[in-house]
Amino acid sequence: MPIGWTDEQDGGTYRLKERDDEALFGYQVGPHSWKKYLHPPRRRLWQAEMRDNHMVIVDDEPDYPRYAFFGVRSCELNAITIQDTVFTSGPYVDIGYRERRKQAFIVVVNCVEAGGTCFCASMNTGPQAEQGFDLALTELLDPNQHYFVVDIGSKAGAAIIKQVPHQQAQEQEHMAAQQAVAQAARQMGRTLDTRDIKMLLYNKYEHPRWDEVARRCLSCTNCTLVCPTCFCVSIEEQTDLNGQTAERWQRWDSCFTADFSYIHGGSVRSSASSRYRQWLTHKLASWIDQFGTSGCVGCGRCITWCPVGIDLTEEVRALRDGEPRIGVAIPTLDAV
Amino acid sequence: MKNIIKVDYLARVEGEGGLFIKMKDHAVSDVKLRIFEPPRFFEAFLRNRSFREVPDITARICGICPVAYQMSSVHAMEDACGVKVEGPLRELRRLLYCGEWIESHVLHFSMLHAPDFLGYPDAIAMAKDHPDVVKKMLQLKKIGNDIVTFVGGREIHPINICVGGFYRVPTRREMTRRLSESLKEARELAIEAAHWTASLPCPDFEQAYEYVSLQHPDEYPYNEGRLVSNQGLDIPISAFYDHITEEHMAHSTSLHSVLKARGSYHVGPLARYNLNFEKLTPLTQEVAHAIGLGATCHNPFKSIVVRSLETLYACDEALRIIDAYEMPERPAVEVQPRAGVGHGCTEAPRGVLYHRYKIDEQGTILDARIAPPTAQNQRTIEKDLHDFVTPRMDTPHEKLTWECEQVIRNYDPCISCSTHFLTLHIEHEETGSEV
Amino acid sequence: MSTAVVDPMRSVVYEVQRIRKETSDTFTLELHSTNGSNDFPFAAGQFNMLYVFGVGEIPISISGDPSKHRSLIHTTRAVGLVTGAMRQLKRGDSIGVRGPFGSHWPVEHATGYDVVIVAGGLGLAPVRPALYHILHHREKYGNVVLLYGSRTPNDILFRREVEKWRARLDVDVHVTVDRAIHPWRGNVGVVTRMIPKAPFDPLNTVAFICGPEIMMRFTVLELQKRGVTTDKIFISMERNMKCAVGFCGHCQWGPNFVCKDGPVFDYASVKHFFEKREI
Amino acid sequence: MATKRKPKLAVWKFASCDGCQLSLLDCEDELLAVTDAIEIANFPEASRTIIKGPYDLSLVEGSITTPHDAERIHQVRRSSKFLVTIGACATAGGIQSLRNFSDVNTYISTVYATPDYISSLQKSTPIADHVFVDFELRGCPLNKYQLVEVISAFLNSRRPNVPPYSVCVECKQRETPCIMVAKGIPCMGPVTQAGCGAICPSYNRGCYGCFGPSEMPNTPSLSIWFEHLGMNRTDLVRTFRGFNAYAEAFRKESEAHEKHY
Ligand SMILES: Cc1cc2nc3c(=O)[nH]c(=O)nc-3n(C[C@H](O)[C@H](O)[C@H](O)COP(=O)(O)OP(=O)(O)OC[C@H]3O[C@@H](n4cnc5c(N)ncnc54)[C@H](O)[C@@H]3O)c2cc1C
Ligand code: SF4
Ligand code: SF4
Ligand code: SF4
């Protein structure tokens, strides 16, 4: 975004606004996350051809662009790390992802202001980036000085810094950076109480709140598509007209569509409430079982970009409110 | 000899129509161009809609020339609200129109009309023997579609047109990047098309028509001008219904438009060409002479050549617009509704397309009337059929039938856009009578 | 670092060697590799992603004998587009294979126990490899019981083989049908009805269940009634699957990915949501 | 391949603007490939040649508006092995189904001086109200790539990749920031089926619903949001009463707001 502009975010609204300082990074996360580069919306997996009635698999020439991501926020860096786990930590590896990721150069910008839908502080994913970057900048706008405090996170980062004019940061500049980031943490527009969140959700499979939120939810998929950690895809078959070649295309998918859970005879999750429940429970609970972390980094995109402003922090609060405050939740055996 | 020519289903025209000609005592006794396109009542359901909705709704009258409908309707609304759209926005509208002319004309002359001249049932069969021409023409058509898609959002029923202008306008860079090169190619292809269409064998058949088209002091007519004819008509578009009346015929067809003073008239490429030849670009005029057509032409079969020349003009004009384009500051002029009547008349590929709306102060439509070109030509087509068949009654039936179809296709009739066309009580002729 | 991991999404071309019609809508394909390396180790209960050129790719369990790596056997019911296209395949036609994927029936852990296999309909196919294994190592197990329910006598899968097992003295095979057709003289009724009388020692039994979810639900209840503990009950689940390696997200079921945590689950770990709707 | 008989294609027209069948001719790059793979047996808009049925694939454009057409569609069904309806008219009744909300006789007298000549049904209805339809391809107009996809899927007997999810998915695919969120412009995208490629939002205007309701259209929720964005009830009715006015979800929504006039 150009200098002099910022954004204002709330549930279902995002507005550009002028600002009257010189800040270069005076805005919060926008509509797109870095996901679209590392895990592109559409991608051909492979092709097959029919030659003399025999199928031949044709590999695509691998083409892995080298990316430098400039201005990655801490929440987003955490989201990248989460996707790393999804795609590269198990017995199977998404090779395309791994190759793009391996070459990515990441410059983080620590947030010194928080947006209306941000809650990374609750999720422990920001506003300060801890690791996994090549460089991390903190922008400081003193009345008499506009400068960046840079943390170097890798050799490649150090090599770059060598090439730009810089000076060793003073203790007091460090402090200023810390304070600015801490200030952002205090400003967060949203909070999410993550205490025992996994069991909270596992115990709420049958809560009336799901039906309430389903009355508002459009099943439009926006929340999943803007989310920097959501990774679900579908694979489509494409053929040419004379049936000689077929291509397998992977594209982003969403648990809010009917086809997503289709098995012969119908969708497993045919109601909007079950889809919202799947999404939220996956993000905040089952993700922990699957990958060892939360699936949410608190970037707030799903709140801002939900066309009707559904807010997961509010939903969690509502689910919690019905919950007795004491006692340990265990997996219910109350199943009929 | 068979004394009835009957085509149940006219092919290669847009929409559904049929033909019925009866001959008796070596004279043509009855000609009916039948339209059985079911009525869709646009003028009725436009009532109570918002004036801002017209470009989206009227586009759906015709999938072949939606831009024309959008243009006539937005002009009419702007007229009603007392707004004039000028400068680069006006130019963009012309550009959009260029795209539609190219796409629609090429579709017609290469895929629907040309096969008649060469004796093929369709362009696909023609492509077997003339693959190059067909491929080139498809390419040319595609460039027309590209313009519409680029300016309008998509080729059929563009989404980017609003009363007052557009929702989004392209930057100069986008424009040149996307269109310049391909349009230069299109211009070359259009020149080839002109030579090719001029080389097609063409029946001798000249008619004395009253041509009616828009006329503009500076430009070949698209979206503005006065309505003029070669027989003295010269009126502002708002006087359309003062001079033209629509007759609801019981026998066959539709609301036939006729000039109150003189009867049938001819709209479309031939009319525009004969009335505005000197407004064509120098290149177009030059090519017209090179292919031996000259400044006037009264043979409706030659409309195929005129369409190719108008295509060339559209390419040339589009290039001029692109070269001169500066991105307007705002994509649309602010339009506030006010009670009143507005008129819009533009030159659809098939000819004059006139709209008139009455709106109230909220912009709610109270009344709508639309006169599509094919309805205006219908009487003329029937007359052509009559005059064409009369001296050719001994032609073998098959051949004559095909030629009659060709006479109709000379007009590129677009039956779908016939908001006025009726369903008819089709009188089913006994097959037995076709001795 | 970047050891060339094979792309888990890429198919390998196999050739249809034999096609056997099992019932009116079910058929078994025997596949051979086209590159000569006819070795396909898998564990009982695992599945492959089978790809039909130009149509699509679907998960199908391996129904062959795990001790025989030489050919790859799948039994499929034609229910839709891909399975329908698969039924049209002829000897010599190509098919894409990825796999094997997923968890397996814990045949090793079941040694020393009675084993009761409860299968409904097509569910016999995914447990057949387990039965093969058990029969190959018959001495390691206690009682072995197969309870099989089918819609009608004509839908009985692997009919001749079932008869052969029935003839053995070391397996108890009981077959029931929902709807009898002449000349069926056997059991009629749902498969769960056979559980109370089946010869196994509930406290010392491992159960493998495979069939429609509703059938598995009631089977679990019956087994529990007899005293089989939930940690010894295993079920095989089906969910939509696009990748089979945990990337596509479609097969999630509670915290699990059916493709890698399943398809075979021990009931204890899933019981708290197994009964819930639309999970 | 060469030995196989080419499947026969027929294109039929009912009440419509011709735009959808024109899309086939607009497939400049694919047209010759299409005609290589499939025999155009009955397509009057393109050819004089009419080859007799039965047809392997019929594309049906337009809605049923006259008694004659209500009969004709049964003939078409009988002569078609696989019948695909194309476009909003054929799948939802089209823009002409606006008459369904009024009395058609007043419509007739509005337009025609001599109403007696007009024979028209009270309602404009989609093809599926009359005969069994194998596949519905939405859109006003349809998307030509989807049309080629349907033909291609038909030729390969696979499922067409024509997903029923919302336009929002395509918005994200083309990376258009949501205009409803970012600009407060009412947009039908969340309840409209994808297919167009999310054109309108990329041109700074809200989707107006060409592709009809998406698979789970929560129109009441969207209406509440539209009101929150400042839309009045008259415009709410108009918004849902467009090219797919008679598609159930949109029809119910517009009627719900009409009651409140
Ligand atoms: C682990 C596993 C093992 C299976 N083993 C067998 C087997 O051995 N034999 C057998 O006949 N079937 C088996 N199935 C079911 C089989 O995958 C479906 O019948 C098949 O996907 C239907 O595909 P279709 O295209 O013919 O059906 P359609 O109804 O046309 O389905 C369309 C698409 O939906 C998805 N889908 C539909 N039903 C299912 C389903 N039940 N499970 C997963 N995805 C589905 C597929 O992606 C399919 O292509 C198994 C499923 C799973 C998950
Ligand atoms: S769930 Fe929402 S807040 Fe959390 S990471 Fe995804 S988009 Fe951001
Ligand atoms: S602009 Fe419209 S279609 Fe696009 S994401 Fe927003 S609501 Fe959905
Ligand atoms: S109105 Fe909606 S469906 Fe139609 S083109 Fe625009 S975005 Fe697409």
Side-chain angles (χ1 to χ4, degrees), chain A residues 45-46 48 50 53-57 59 86-87 90-96 98-99 102 202 205-206 230-237 239 243 246 248 250 253 255 259-265 267-271 273-275 277-278 281-282 285-290 331-333 335-336, chain C residues 1-2 4-15 34 51-57 77 79-83 90 92-96 101 212-213 238-257 259-261 269 271-279:
Chain A
L45 296 173
W46 46 268
M50 267 305 178
N53 265 331
H54 284 279
M55 177 163 78
V56 180
I57 309 262
D59 288 305
V86 173
F87 291 125
Y92 301 104
V93 171
D94 181 330
I95 294 175
R98 184 190 63 190
E99 294 306 311
K102 225 164 47 187
Y202 283 168
Y205 276 134
E206 276 155 350
C230 274
F231 58 84
C232 292
V233 292
S234 200
I235 295 160
E236 284 171 356
E237 184 80 4
T239 45
R248 306 277 300 153
Q250 174 183 296
D253 201 355
C255 51
D259 273 354
F260 191 81
S261 64
Y262 178 84
I263 59 175
H264 189 73
S267 290
V268 172
R269 289 184 283 273
S270 56
S271 67
S273 51
S274 69
R275 295 185 200 168
R277 177 181 67 189
Q278 161 62 22
T281 310
H282 185 215
S286 42
W287 207 295
I288 301 175
D289 277 332
Q290 294 167 354
T332 45
L333 294 170
V336 200
Chain C
M1 194 182 121
S2 71
V5 186
V6 253
D7 183 350
M9 295 308 289
R10 192 181 180 284
S11 258
V12 174
V13 180
Y14 275 64
E15 203 167 82
T34 49
Y51 168 69
V52 182
F53 179 85
V55 187
E57 191 186 45
R77 171 178 293 161
V79 295
L81 278 173
V82 182
T83 48
K90 289 181 290 297
D93 281 349
S94 310
I95 188 166
F101 296 115
E213 272 182 52
E238 266 184 21
R239 280 296 177 265
N240 188 303
M241 248 173 226
K242 295 294 174 202
C243 74
V245 292
F247 298 159
C248 82
H250 284 244
C251 70
Q252 285 180 78
W253 181 50
N256 302 298
F257 286 93
C259 68
K260 43 181 207 186
D261 305 314
S269 70
K271 66 183 172 202
H272 68 281
F273 56 88
F274 180 71
E275 299 269 307
K276 303 257 186 336
R277 291 184 52 225
E278 298 193 278
I279 296 294

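A, B, ... follow the sequence lines: proteins, then strands. Residue 1 opens every chain.
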message = With side-chain contact (heavy atoms from CB on, under 4.5 Å) as the criterion, how do C:Ser11 and A:Ile57 come out once you've worked through the C-alpha distance, each side chain's angles and the decisive distance to 0.1 Å?
response = CA-CA 8 Å; C:Ser11 258; A:Ile57 309 262; 3.9 Å; yes
remark   = When the 4.5 angstrom heavy-atom criterion is applied to C:Ile279 and chain A, the contacting part is both
From [X] atom [atom1] to [Y] atom [atom2], the distance as rounded to the nearest 0.5 Å:
X: A:His54; Y: C:Thr34; atom1: NE2; atom2: OG1; result: 9.0 Å
X: A:Met55; Y: C:Asp93; atom1: CE; atom2: CG; result: 10.0 Å
X: C:Cys248; Y: A:Ile235; atom1: SG; atom2: CD1; result: 6.5 Å
X: A:Glu237; Y: C:Phe53; atom1: CD; atom2: CZ; result: 7.5 Å
X: A:Met50; Y: C:Ser94; atom1: CE; atom2: OG; result: 5.0 Å

task = Quick one: do A:Arg277 and C:Glu278 satisfy side-chain contact (heavy atoms from CB on, under 4.5 Å)? Show the steps, please.
result = CA-CA 10 Å; A:Arg277 177 181 67 189; C:Glu278 298 193 278; 3.9 Å; yes
request  = Among A:Asp253, A:Val56, A:Thr281, single out the residue with the greatest number of heavy-atom pairs under 4.5 Å to chain C.
outcome  = A:Asp253
task = Return the option, out of A:Asp289, A:Asp94, A:Ile288, A:Asp259, with the maximum number of heavy-atom pairs under 4.5 Å with chain C.
result = A:Asp94
request  = Using the side-chain contact (heavy atoms from CB on, under 4.5 Å) rule, take C:Arg10 and A:Leu45 through it: C-alpha gap first, then chi angles, then the decisive distance, then the call.
outcome  = CA-CA 8 Å; C:Arg10 192 181 180 284; A:Leu45 296 173; over 6 Å; no
ask   = Who among C:Thr83, C:Val55, C:Asp261, C:Val12 has the most heavy-atom pairs with chain A under 4.5 Å?
value = C:Val55
query = Given the options C:Met9, C:Lys260, C:Met241, C:Glu238, which has more heavy-atom pairs under 4.5 Å with chain A than any of the others?
reply = C:Met9
Check whether [X] gets within reach of chain C through its side chain, its backbone, both or neither, counting any heavy atom under 4.5 Å.
X: A:Ser261; answer: backbone
X: A:Ser270; answer: both
X: A:Ser273; answer: neither
X: A:Tyr262; answer: both

inquiry  = Is it true that A:Ser286 and C:Gln252 share a donor-acceptor pair across their side chains at a distance under 3.5 Å?
reply    = no
key: Verdict with supporting geometry, C:Lys242 and A:Val233, side-chain contact (heavy atoms from CB on, under 4.5 Å)   = CA-CA 8 Å; C:Lys242 295 294 174 202; A:Val233 292; over 6 Å; no
Closest heavy-atom pair and its distance - [X], [Y]:
X: A:Tyr92; Y: C:Pro8; answer: CD2-CB, 3.7 Å
X: A:Ile263; Y: C:Asn240; answer: CG2-N, 3.2 Å
X: C:Val79; Y: A:His264; answer: O-CE1, 2.8 Å
X: C:Gly254; Y: A:Gln290; answer: O-NE2, 4.2 Å
X: C:Gly249; Y: A:Cys232; answer: CA-SG, 3.6 Å

query = Are C:Phe247 and A:Phe231 close enough that their ring centres sit under 6.0 Å apart?
reply = no
message = Would you call the rings of A:Trp46 and C:Tyr51 parallel, tilted or perpendicular, taking 30° and 60° as the class edges?
response = perpendicular
SB check A:Arg248 C:Glu57 (cutoff 4.0 Å) = yes
request  = Give a yes or no on whether A:Asn53 atom CG has more than 12 heavy-atom contacts from other residues, nucleotides or ligands under 6.0 Å away.
outcome  = no
